[in-house]
Structure formats: C-alpha cells, structure tokens
Amino acid sequence: MKIFRSFEDARGIRNPVVTTGSFDGVHIGHKTIISRLNMLASRHGGESVLITFDPHPRKVLYPDTVGKSLKLINTLEEKIFLLETAGLQNLIIIEFTTEFSRTTSEQFVKEYLHDILNAKVVVVGFNHHFGFNKEGDYRHLWGWRKKYSFEAEEIPEQEVYNEAVSSTRIRKAISEGYIQRANAYLDSYYLITGPIETCSPSYNLEGSCCLKMTITNEDKLLPPPGIYAVSAGTRKSIFKAMVIIQRINDNHEITAEILQPCNNFTGDKLTLYFHKKVHGALNFAESNVSKRISNARTEISELIY
C-alpha cells in the first residue's frame, strides 16, 4: 500500500476509484467498501484510494466538547496496518485543520477528486456526509457525476446481530469490555500496538514472559481494567497470552504475560489481538489476587484460539 501525505503527492494514481472517511476501527462496513473499491478498480484498470484525515475531524471541530471526549479505536499506525491488511492500494492522509474544514462539498469534489486525482469512480458508505457543515452526500455526488466525469456508488449499511455496524457501536462495546461483540463488528480482532519493556510480575507465576506496555496516547480507546485472553504478536511470531489492564494515574498500564519464555521475543514493539475478557478489574491489595490471576491464566491456556 502506498501512503501519501497530500493530494499533490498522490497526483498520477492510475484511474483512481476513491472513497473518503475517518475509517476508525476499519470495521466490516469499511472492509466492504474497500473490497468494492478493489473490484471496481480492477474493472477500470485502476487503483483503490482512501482519503482519510488526521487528526480526527471531531477533534478539530469540537475540541472542547465531543472532540475532547472522543476515543479512537485505532491509532494512525494501527489504522494504516489494518487498511493494508484489508487490501487497500493507496492511502492519502490529509491533515485536518480548521481552514480545511471550510472546504465545501463541491469544492472538495472539483479541486481534489476531479482536478488533482481525476477519480473514475467515487464510492461512499451508507449515509456518508462530507464537506463544510456535512452538506455533501451521495445525492450530491450522483448529481455531479457528469459534470466532473466520474461514476458514483453508495454501499448499503452493514449489519451484525441485526444491528447496524458503526464505529460508535464498536467504541461502546470495547469500553464496556464486550470484546467478542466488538470483534464481530470489526470482522477482526480489536488490537493495541505499542512499545514494550520486560517487567517483573506482581504475582508469582513461573514459566512465562512478562512484558509491560504503557499507553500514553490519550485518544486511544482501551477496554476497562481486567484480565483478557489475547494473541501477542511480534514481526516474527504470535503467541497465546494473558493481559492485565490497570489504570495508573492518567495512563493505562498493560501487563502481557506471554505463555512462552522471554528469549523468544525480539524488538521493542508488540501487537495485542484481543479475544475475550475473562475477569474484571483486580485489586492487588487483596490476599487472593494471585489465585484469581492463576485461575485466569489456567483458563486462558486451555482456550482454543
């Protein structure tokens, strides 16, 4: 996947089939759009393109209200990884500023999609809005298709458990610890990627590797404190692991107990793929906390995943 940091840098993409949006979570609806982009790109002898924004538009437009409290399912690094895994061919990351937010929907279509990218097809998800005051939608794209020489297509709403899939629903599931529900919406595992360091566990368990990850990115959405069954991945290997999430002051400390010796790990980053929650928050002052952790470890070691 090619990554561009401006529209000008992306000039020259062959017969672009384009969509736009935040794509936080890269959930099943987003993957459906990417799949359709690639299908149409193949038909037109072109390439799939996503235009996304950093920071998230709500962080810029409403910094003191909804933007301040908004937690993101993925960091930008995680989103790039997921988009590439989903098969996207080109990613254009535009810095979202107050000035850019004043771009009207037709101005966006004319100046960027037509004049610079020369888009052949523009695909949007169900009920997608864009441009100043979210004035643009699929109806507008359909009306402009001849004027700006592109085809327009809308992807129907996706459902899981008879519920419409959205980043908002996924955030709610993760924040409440319903990992399996979130994974169903995502059509993949919720993940956390971050720097790690070896540590000494605060409980007496033998034969495993203790790694600590401190999340300082205040925008990253994390599950509530508790014990989770995860897969822990490095560039070379993936291992079954138990993760303990604790809230430490303003940061989250994640202790990953890998059911393998530490000498199997190289590098300073780890990706945690969450499977399910097996225990709630722990009080390390309680006398039976080691037993609870040991029981959780046994349960996780016996899970098939």
(message) Main chain of Ser290, side chain of Ser294: is a donor-acceptor contact present, judged purely on distance under 3.5 Å?
(response) no

(request) Decide yes or no for Leu91 and Ile80: does some side-chain heavy atom of the first lie under 4.5 Å from some side-chain heavy atom of the second? (result) yes

(message) Please check: side-chain N/O of Ser175 versus main-chain N/O of Lys172, any donor-acceptor pairing under 3.5 Å?
(response) yes

(request) Sorted by first residue and then second, give each salt bridge (charged side-chain N to carboxylate O under 4.0 Å, His left out) pair with at least one member in residues 124-136; sequence neighbours left out. (result) none

(request) Let me see the working for Tyr189 and Phe274 under ring pair (Phe, Tyr, Trp, His ring centres under 6.0 Å), right down to the final yes or no. (result) CA-CA 6 Å; Tyr189 295 115; Phe274 283 66; 9.8 Å; no

(request) Would you mind reporting whether Phe23 and Ile33 have side-chain heavy atoms less than 4.5 Å apart? (result) yes

(request) Please tell me if the side chains of Leu113 and Lys110 come closer than 4.5 Å, counting only heavy atoms from C-beta onward. (result) no

(request) Determine the interplanar angle of the Phe108 and Phe100 rings, folded into 0 to 90°, and report it as parallel if under 30°, tilted if 30 to 60°, perpendicular if over 60°. (result) perpendicular

(message) In the structure I gave you, are the side-chain heavy atoms of Ser48 and Ile34 within less than 4.5 Å of one another anywhere?
(response) no

(message) Would the distance check show the side chain of Tyr138 and the main-chain N or O of Gly125 forming a donor-acceptor pair, the cut-off being under 3.5 Å?
(response) no

(message) Both conditions, 6.0 Å and 45 degrees, for the charged tip of Lys277 above the ring of Tyr178: are they met here?
(response) no

(message) Please check: side-chain N/O of Ser35 versus main-chain N/O of Lys31, any donor-acceptor pairing under 3.5 Å?
(response) no

(request) Check Pro156 against Phe126 and note the closest heavy-atom contact, atom names and distance. (result) C-CB, 4.0 Å

(message) What I'd like to find out is whether the side chain of Thr103 reaches to under 4.5 Å of the side chain of Tyr112, using heavy atoms alone.
(response) yes

(message) I'd like to check Phe81 versus Leu191 (side-chain heavy atoms, cut-off strictly below 4.5 Å). Are they in contact?
(response) yes

(message) Test your reading of the model: is there a side-chain donor-acceptor pair from Thr52 to the backbone of Ser22, 3.5 Å cut-off?
(response) yes

(request) Measure the spacing between CD1 of Ile28 and CG of Asn183 and express it to the nearest 0.5 Å. (result) 12.0 Å

(request) Write down the atom of Asn127, the atom of Glu154, and the distance for their closest heavy-atom approach. (result) N-OE2, 3.6 Å

(request) Kindly indicate whether the side chain of Val123, heavy atoms from C-beta on, has any atom under 4.5 Å from the side chain of Val18. (result) no

(request) Quick one: pull up CD1 in Ile94 and CZ in Phe4 and give me the separation to the nearest 0.5 Å. (result) 11.0 Å

(request) Give the minimum heavy-atom separation between Leu270 and Gly233, together with the two atoms involved. (result) CD1-O, 3.3 Å

(message) Distance check, rounded to the nearest 0.5 Å: Asn15 atom CG versus Glu47 atom CD?
(response) 8.5 Å

(message) In this structure, would Ile51 and Leu76 fall into the same cluster of hydrophobic residues linked by side-chain contacts under 4.5 Å?
(response) no

(request) Could you note down all residue pairs passing salt bridge (charged side-chain N to carboxylate O under 4.0 Å, His left out) where residues 73-102 supplies at least one of them, sequence neighbours left out? (result) Glu77-Lys269, Glu78-Lys220

(message) Looking at every heavy atom in both Ile258 and Ala241, which two are closest together, and how far apart are they?
(response) CD1-CB, 3.5 Å

(message) Given the ring of Trp142, does Arg145 sit roughly above its face, with NZ or CZ under 6.0 Å from the centre of the six-membered ring and within 45° of the axis?
(response) yes

(request) Considering only NZ, NE, NH1 and NH2 on the basic side and carboxylate oxygens on the acidic side, decide whether Asp219 and Lys71 come within less than 4.0 Å. (result) no

(message) Rounded at 0.5 Å granularity, tell me how far NE2 in His129 sits from CG in Asp137.
(response) 4.5 Å

(request) Answer whether the closest heavy-atom distance between the side chains of Ile179 and Pro223 falls below 4.5 Å. (result) yes

(message) Show, in sequence, the C-alpha distance, side-chain angles and deciding distance for His275 and Ser231, and conclude whether the side chain to side chain donor-acceptor pair (under 3.5 Å) test is met.
(response) CA-CA 8 Å; His275 292 262; Ser231 296; 2.8 Å; yes

(message) Has Arg14 got a side-chain atom pairing as donor or acceptor with Gly45's backbone, closer than 3.5 angstrom?
(response) yes

(request) Over all heavy atoms of both residues, which pair between Ser167 and Ile73 is shortest? Give the atoms and the distance, please. (result) O-CD1, 3.8 Å

(message) Strictly distance-based, threshold 3.5 Å: is any side-chain N or O of Gln107 a donor or acceptor partner for the main-chain N or O of Thr104?
(response) yes

(request) Please round to the nearest 0.5 Å and tell me the distance separating atom CG of Leu221 and atom CG of Leu70. (result) 9.0 Å

(request) Begin with the C-alpha distance, continue with both residues' side-chain angles, and end with the deciding distance and a verdict on salt bridge (charged side-chain N to carboxylate O under 4.0 Å, His left out) for Glu153 and Arg36. (result) CA-CA 10 Å; Glu153 182 172 311; Arg36 184 60 178 165; 2.5 Å; yes

(request) Show your reasoning for whether side-chain contact (heavy atoms from CB on, under 4.5 Å) applies to Thr255 and Val243. (result) CA-CA 6 Å; Thr255 303; Val243 152; over 6 Å; no

(request) Tell me whether Val26 is reachable from Leu222 by hopping between hydrophobic residues (I, L, V, M, F, W, Y) whose side-chain heavy atoms are closer than 4.5 Å. (result) no

(request) Could you verify whether a donor N or O on one side chain and an acceptor N or O on the other, from Tyr148 and Glu106, lie under 3.5 Å apart? (result) yes

(message) Please check: side-chain N/O of Asn74 versus main-chain N/O of Asp24, any donor-acceptor pairing under 3.5 Å?
(response) no

(message) Keeping Asn90 on the side-chain end and Ile3 on the backbone end, is there a donor-acceptor pair under 3.5 Å?
(response) no

(request) Please lay out, stage by stage, how His27 and Tyr185 fare under the test ring pair (Phe, Tyr, Trp, His ring centres under 6.0 Å). (result) CA-CA 6 Å; His27 57 61; Tyr185 291 146; 8.7 Å; no

(request) Report the residues that fulfil side chain to side chain donor-acceptor pair (under 3.5 Å) with Asn217, sequence neighbours left out, ordered by chain and then residue number. (result) none

(message) Salt bridge check, Glu257 against Arg297: does any charged N sit closer than 4.0 Å to a carboxylate O?
(response) yes

(message) For residues Met1 and Phe7: do they belong to one hydrophobic cluster (side chain heavy atoms under 4.5 Å, members Ile, Leu, Val, Met, Phe, Trp, Tyr)?
(response) no

(message) Would the distance check show the side chain of His44 and the main-chain N or O of Gly46 forming a donor-acceptor pair, the cut-off being under 3.5 Å?
(response) no

(message) Measuring from atom CG of Leu50 to atom OG1 of Thr19, what distance do you get when rounded to the nearest 0.5 angstrom?
(response) 6.5 Å

(request) Please report the C-alpha distance between Leu282 and His279 in whole Å, then the side-chain angles of each, then the deciding distance to 0.1 Å, and finally whether the side-chain contact (heavy atoms from CB on, under 4.5 Å) criterion is met. (result) CA-CA 8 Å; Leu282 296 170; His279 199 288; 3.7 Å; yes

(message) salt bridge (charged side-chain N to carboxylate O under 4.0 Å, His left out), that's the test. Do Glu286 and Arg292 meet it? Break it down for me.
(response) CA-CA 10 Å; Glu286 292 181 357; Arg292 291 187 179 184; 3.5 Å; yes

(request) Please say which of Val17, Asn38, Leu83 ends up in a side-chain contact (heavy atoms from CB on, under 4.5 Å) with Gln89. (result) Asn38

(request) Using only heavy-atom distances, determine whether the side chains of Ser6 and Asp9 contain a donor-acceptor pair under 3.5 Å. (result) yes

(request) Ignoring hydrogens and angles, state whether a donor on the side chain of Glu253 or Thr214 is under 3.5 Å from an acceptor on the partner side chain. (result) no

(request) Report yes or no: do Phe130 and Leu61 belong to one cluster of Ile/Leu/Val/Met/Phe/Trp/Tyr joined by side chain heavy-atom distances under 4.5 Å? (result) yes

(request) Locate the shortest heavy-atom distance separating Leu186 from Gly25; write the atom from each residue and the value. (result) CD2-O, 3.2 Å

(message) If hydrophobic clusters are built by linking Ile, Leu, Val, Met, Phe, Trp and Tyr wherever their side-chain heavy atoms come under 4.5 Å apart, do Ile93 and Phe96 end up in the same one?
(response) no

